[in-house]
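Chain letters run A, B, ... following the sequence lines, proteins first and then strands; every chain starts at 1.
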There are 2 protein chains.
Amino acid sequence: MAPPPGRDEQRRGIERELKRGSLELIVLHLLTPGEAYGYEIVSKLTAETNGALEVTDGTLYPVLYRLERAGFVAVRWETPERGVPRKYYALTESGREELQRLTDEWTTFARAMARLLRSRD
Amino acid sequence: MAPPPGRDEQRRGIERELKRGSLELIVLHLLTPGEAYGYEIVSKLTAETNGALEVTDGTLYPVLYRLERAGFVAVRWETPERGVPRKYYALTESGREELQRLTDEWTTFARAMARLLRSRD
DNA sequence: CAAATTATCTTGTCACGCAAGATAGTATAC
DNA sequence: GTATACTATCTTGCGTGACAAGATAATTTG
């Protein structure tokens, strides 16, 4: 028997929607200190936000691919003598600009929301 | 000839994604002062946020329907002696609870984002 | 009467988060 | 030596939701 849907799934569904359009910004931001590989980003994000902005690899890899395709990140494979090969991502100049743009956009949106929710109308 | 895609559409696309999961919250909040009808909500929202959180009716009506279906709003038709009939929406008790829940959820998310973006890592 | 305005609803499209599964190498334990 | 767990990547398919576009209808204004 499958467990009933319940509150949790609905709640998770909302978080899911809230992340929409923010993930590219999040990933670009996480690359500002320097290059990183996918698996690393997943753990970094979970750790740094105490799980509030957690993502799975099934979510992250498509994001990274979009960013690469758009020229916002540059890719470098590294095959260590022992261990699984890693794909390192680094911000490009264009990526840095995009990061700025997305940050502004997000801030504008968040401010508008905050102002609205504060209002008694 | 159709105009090329261009920056504007991408940019609009991001706003679009950012609204995801926030619209129900927005609408519920706009109903706190009292009942309102769909068309009214559209203009109200555009006016109060200077277009930052603008929605079209094609977006709003499905949201209202979802809220009605979930029991978060109660519906009342009003047919004035002259003019098009209006469908008035009002918060239910359950809707008020949902509003609180969504507000908390949004705040948590926005705080996590703000904290992350502030960090230099 | 034509055009604009108020008001609602429906259909179809596209993007994206993510669960689930595939693949593969390394390390630990039994 | 084989099972189990961890590191690391990628792919497929599903469901959801914003919104453009179009339909409908009554009223107002030019």
Whole angstrom value for the distance that separates P of D:dG17 from CD1 of B:I14
21 Å

Hey, is the main chain of B:L99 close enough, under 3.5 Å, to the side chain of B:H29 for a donor-acceptor pair?
no

Nearest whole Å is fine: how far is D:dG17 C1' from B:R16 CZ?
9 Å

Which one, D:dA20, D:dT16, C:dA19, comes nearest to the side chain of A:T56?
C:dA19

What nucleotide, of C:dT8, D:dC19, C:dC18, holds the atom closest to the side chain of B:K87?
C:dT8

Decide, yes or no, whether a salt bridge links A:R101 with A:E105 under the criterion of side-chain N to carboxylate O below 4.0 Å.
yes

Quick one: label A:G58 by what it contacts on the DNA or RNA (base, sugar-phosphate, nothing), any heavy atom closer than 4.0 Å.
base

What are the two closest heavy atoms between B:K87 and B:Y37, and how far apart are they?
O-CB, 3.1 Å

Hey, is the side chain of B:R20 pairing donor to acceptor with the base of D:dG17 inside 3.5 Å?
yes

Take the C1' atoms of the five end pairs on each side of the helix from C:dC1-D:dG30 to C:dC30-D:dG1, derive the two axes, and give their angle rounded to 10 degrees.
0°

Can you give me the closest heavy-atom contact between A:Y88 and A:E35, atom names plus distance?
CB-OE1, 3.7 Å

Starting from C1' on D:dT7, measure out to CD on A:E40 and report it in whole angstrom.
12 Å

Specify the closest pair of heavy atoms between B:S22 and A:L18, including all atoms of both residues, with the distance to one decimal.
OG-CD2, 3.8 Å

Starting at atom CD of B:E78, determine the distance to atom P of C:dT8, rounded to an integer number of angstrom.
11 Å

Strictly below 4.0 Å, heavy-atom distances to any atom of DNA chain C: list the hits from residues 59-76 of chain B, or just say none.
B:Y61

Upstream residue (5' side of DNA chain C) when A:V55 and A:P85 are each assigned their closest nucleotide:
A:V55

Mind checking what makes ring-ring contact (aromatic ring centres under 6.0 Å, His included) contact with B:Y61, not counting sequence neighbours?
none

Main chain of A:V55, side chain of A:T59: is a donor-acceptor contact present, judged purely on distance under 3.5 Å?
no

Result of checking B:L45, B:L31, B:T49, B:L102 against B:I26 for side-chain contact (heavy atoms from CB on, under 4.5 Å):
B:L45

Whole-Å distance separating the CD atom of B:E17 from the P atom of C:dC16:
5 Å

Expressed as a whole number of angstroms, how long is the span from B:I41:CD1 to C:dT8:P?
9 Å

Is the backbone of B:E54 close enough, under 3.5 Å, to the side chain of B:K19 for a donor and an acceptor to pair up by distance?
yes

Measure distances between side-chain N and O atoms of B:D57 and base N and O atoms of C:dC9, and say whether any donor-acceptor pair falls under 3.5 Å.
yes

Strictly below 4.0 Å, heavy-atom distances to any atom of DNA chain D: list the hits from residues 106-113 of chain B, or just say none.
none

Short N-O contact, A:R96 and A:E98, less than 4.0 angstrom
no

For B:R20, enumerate each residue passing the salt bridge (charged side-chain N to carboxylate O under 4.0 Å, His left out) test, keeping only those at least two apart in sequence or located in another chain.
A:E17

Using whole Å, what does the distance between atom P of nucleotide D:dA18 and atom CG of B:L45 come to?
12 Å

Nearest heavy atoms of B:I41 and B:A36, plus distance in Å
CG1-CB, 4.0 Å

Yes or no on salt bridge (charged side-chain N to carboxylate O under 4.0 Å, His left out) for A:E78 and A:R76, after CA distance, side-chain angles and deciding distance?
CA-CA 6 Å; A:E78 179 160 320; A:R76 175 176 75 82; 2.8 Å; yes

List the atom of A:P85, the atom of A:T79, and the distance in Å for their closest heavy-atom pair.
CG-CG2, 4.0 Å

On DNA chain C, nearest-nucleotide positions of A:G83 versus B:Y89: which is more 5'?
B:Y89

Counting only N and O atoms by type, is there a donor-acceptor contact under 3.5 Å from the side chain of A:T32 to the main-chain atoms of A:L28?
no

For atom CG of B:L18 and atom C1' of C:dG17, their distance in whole Å
14 Å

Where protein sits on nucleotides 1-6 of chain C, one letter per nucleotide: B base, S sugar-phosphate only, - none, heavy atoms under 4.0 Å
-----B

